[in-house]
Q: 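Next up is a structure, given as structure tokens.
Numbers restart at 1 for each chain; the letters A, B, ... are given by sequence-line order, proteins then strands.
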Amino acid sequence: MNSTICRLAIPAEEGFSLGDTLNCGQCFRWNEAEDGWFEGVVEGRFCRVSQDAQGLLLQGVADGEERFWADYFDLSTSYAEIRTKLCGNKTLAKAAEFAPGIRVLRQYPWETLCSFIISQNNNLARIRGIVARLCECFGDEISAGIYAFPTPERLAVLSESDLAPLRSGFRAKYILDAARKVSSGEVVLADVATMELDDARAVLQQIHGVGPKVAECALLYGFARMECFPMDVWMKRAMKHLFPKGLPRCARDNAGIAQQYIFHYARVCPDAFPSKL
DNA sequence: ACCCAGGCGACGA
DNA sequence: TCGTCGCATGGG
């Protein structure tokens with residue numbers, strides 16, 4: 001591996017937190033190494049990442065690919081500005097306090113879709129395990145022991161029993177249906193990227209195993225549709241208490257980021273949102 | 001032993 | 001169009 005360290009500057013006022021961003025449940029392929037660096041694979045590129053006061057430090061970045069990683073971490077967006085907008089609402093300001101350094105990553109559409117299919121009725125540790133096994137079993141080995149996320153074409157030719165080693169349970173047939181519809185062109189992700197939001201939702205939900213929540217996550221994390229607002233059990237609970245009349249107007253264009261703050265607040269302070277009312 | 005997990009599809013009313 | 005239930009697997 002190329003051991004040169006490359007830097008991507010992030011202004012301090014952004015309040016960026018690499019750890020919160022990679023552990024908040026939007027991505028599943030980053031692991032914290034012994035030395036505190038995060039190791040991950042994005043679109044077939046392995047990288048080690050850390051942060052200091054100046055911003056990100058990346059190890060293993062190929063020549064000319066700094067831009068790729070800056071895009072992945074969405075460094076051209078000012079989260080400080082977005083927070084200022086969101087914090088026009090008192091309750092949102094409070095929610096943002098718990099993890100202001102979270103940033104919505106710009107992930108690869110197919111991997112994101114597939115990962116959130118796996119996420120349903122599942123917990124973070126198990127999602128990561130299943131995704132890791134999916135890559136080890138069917139992804140290209142990009143270097144020793146490091147695997148890319150498998151393509152839809154590779155998965156489309158498999159059967160449910162081929163996926164048994166993943167131990168993904170009832171989700172196996174959903175993974176296969178997604179792979180087949182995407183590889184056959186029945187669902188064209190490049191088109192989904194530019195469609196009217198409601199059309200994009202409908203297209204994704206043609207896939208068996210993709211409902212409103214999975215589609216919303218795929219569109220937010222995999223297609224950078226910042227108006228999307230995934231509602232899982234945690235969010236429903238938190239919204240009932242914080243915004244019974246719905247999300248305030250100031251959050252409309254950045255609902256996805258507001259969702260990250262609220263979601264994290266609910267996870268960190270479960271006692272603030274009792275499940276029974 | 002039980003309950004739950006970043007839900008969804010099938011089914012019945 | 002609504003509520004309810006089963007679903008595979010694993011951890012607390």
Side-chain angles (χ1 to χ4, degrees), chain A residues 19-30 95 98-99 102-105 107 109 111-134 136-137 158-181 187 198 201-243 247 255-277:
Chain A
D20 285 348
T21 296
L22 298 182
N23 284 324
C24 71
Q26 63 174 319
C27 55
F28 308 101
R29 294 209 67 199
W30 288 97
F98 289 87
I102 290 181
R103 184 174 282 264
V104 174
L105 299 168
Q107 299 184 68
E111 174 175 341
T112 310
L113 173 63
C114 197
S115 297
F116 277 93
I117 287 172
I118 291 167
S119 80
Q120 64 186 85
N121 196 28
N122 214 338
N123 60 59
L124 199 51
R126 249 194 105 236
I127 298 164
R128 298 171 83 110
I130 293 168
V131 171
R133 291 190 289 278
L134 179 66
E136 284 161 24
C137 291
L158 302 176
S159 65
E160 262 188 71
S161 59
D162 293 324
L163 295 190
L166 307 184
R167 306 197 298 278
S168 60
F170 61 87
R171 304 164 194 84
K173 54 181 173 295
Y174 299 160
I175 296 169
L176 292 180
D177 191 59
R180 286 168 188 160
K181 289 201 166 102
V187 169
D198 278 332
R201 290 181 172 116
V203 168
L204 291 179
Q205 288 180 39
Q206 290 172 13
I207 296 166
H208 203 60
V210 177
K213 162 64 169 55
V214 170
E216 207 72 358
C217 285
L219 287 165
L220 175 59
Y221 305 122
F223 295 86
R225 295 292 188 104
M226 305 311 289
E227 327 86 283
C228 287
F229 195 75
M231 286 280 272
D232 70 329
V233 288
W234 293 94
M235 283 301 295
K236 284 177 185 166
R237 216 173 286 160
M239 287 302 287
K240 198 161 161 185
H241 288 256
L242 298 176
F243 304 104
L247 206 60
I257 294 167
Q259 188 269 359
Q260 289 286 29
Y261 297 146
I262 298 165
F263 178 72
H264 200 83
Y265 181 20
R267 297 300 300 265
V268 173
C269 308
D271 296 340
F273 311 105
S275 51
K276 293 179 178 54
L277 201 74

Q: Counting the atoms with a prime plus P, OP1 and OP2 as sugar-phosphate, which does A:E160 contact under 4.0 Å by heavy atoms, base, sugar-phosphate, or nothing?
A: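 It contacts nothing in the nucleic acid.
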
Q: Any side-chain N or O of A:K173 under 4.0 Å from OP1/OP2 of C:dC7?
A: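 False: A:K173 side-chain N/O out of range (4.0 Å or more) of C:dC7 OP1/OP2.
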
Q: Would you mind classifying the nucleic acid contact of A:G25 as base, sugar-phosphate or nothing, using non-hydrogen atoms under 4.0 angstrom?
A: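 Since a base atom lies under 4.0 Å of A:G25, the category is base.
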
Q: Is there a side-chain contact between A:R167 and the phosphate of C:dG10, meaning an N or O under 4.0 Å from OP1 or OP2?
A: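 For C:dG10, OP1/OP2 do have a side-chain N/O of A:R167 under 4.0 Å.
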
Q: Look at all strands and tell whether A:F28 reaches a base, only sugar-phosphate, or nothing, counting heavy atoms closer than 4.0 Å.
A: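 Nothing, no nucleic acid heavy atom in range.
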
Q: Any side-chain donor paired with an acceptor under 3.5 Å for A:D162 and A:S159?
A: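 A:D162 vs A:S159: donor-acceptor pair found between side chains.
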
Q: So what does A:L166 hit on the nucleic acid, given a heavy-atom distance under 4.0 Å: a base, only sugar-phosphate, or nothing?
A: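 A:L166: no heavy atom of the nucleic acid under 4.0 Å.
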
Q: Given atom CZ of A:F170 and atom P of B:dG7, what is their separation to the nearest angstrom?
A: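 Nearest whole value for this atom pair: 9 Å.
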
Q: Remember a base hit wins even if backbone is also touched, and classify A:L124 as base, sugar-phosphate or nothing at under 4.0 Å, heavy atoms.
A: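 The answer is sugar-phosphate, as A:L124 gets under 4.0 Å only of primed atoms, P, OP1 or OP2.
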
Q: Which one of A:V187, A:V210, A:L219 satisfies the side chain to side chain contact (heavy atoms under 4.5 Å, CB included) criterion with A:L113?
A: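 Output: one option passes, namely A:V210.
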
Q: Just checking A:R267: base, sugar-phosphate only, or nothing, at a heavy-atom cut-off of under 4.0 Å?
A: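 Answer is sugar-phosphate: A:R267 comes under 4.0 Å of backbone atoms only.
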
Q: Is it true that A:D177 and A:R180 make a salt bridge, defined as a side-chain N closer than 4.0 Å to a carboxylate O?
A: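 Salt bridge flag = no for A:R180 with A:D177.
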
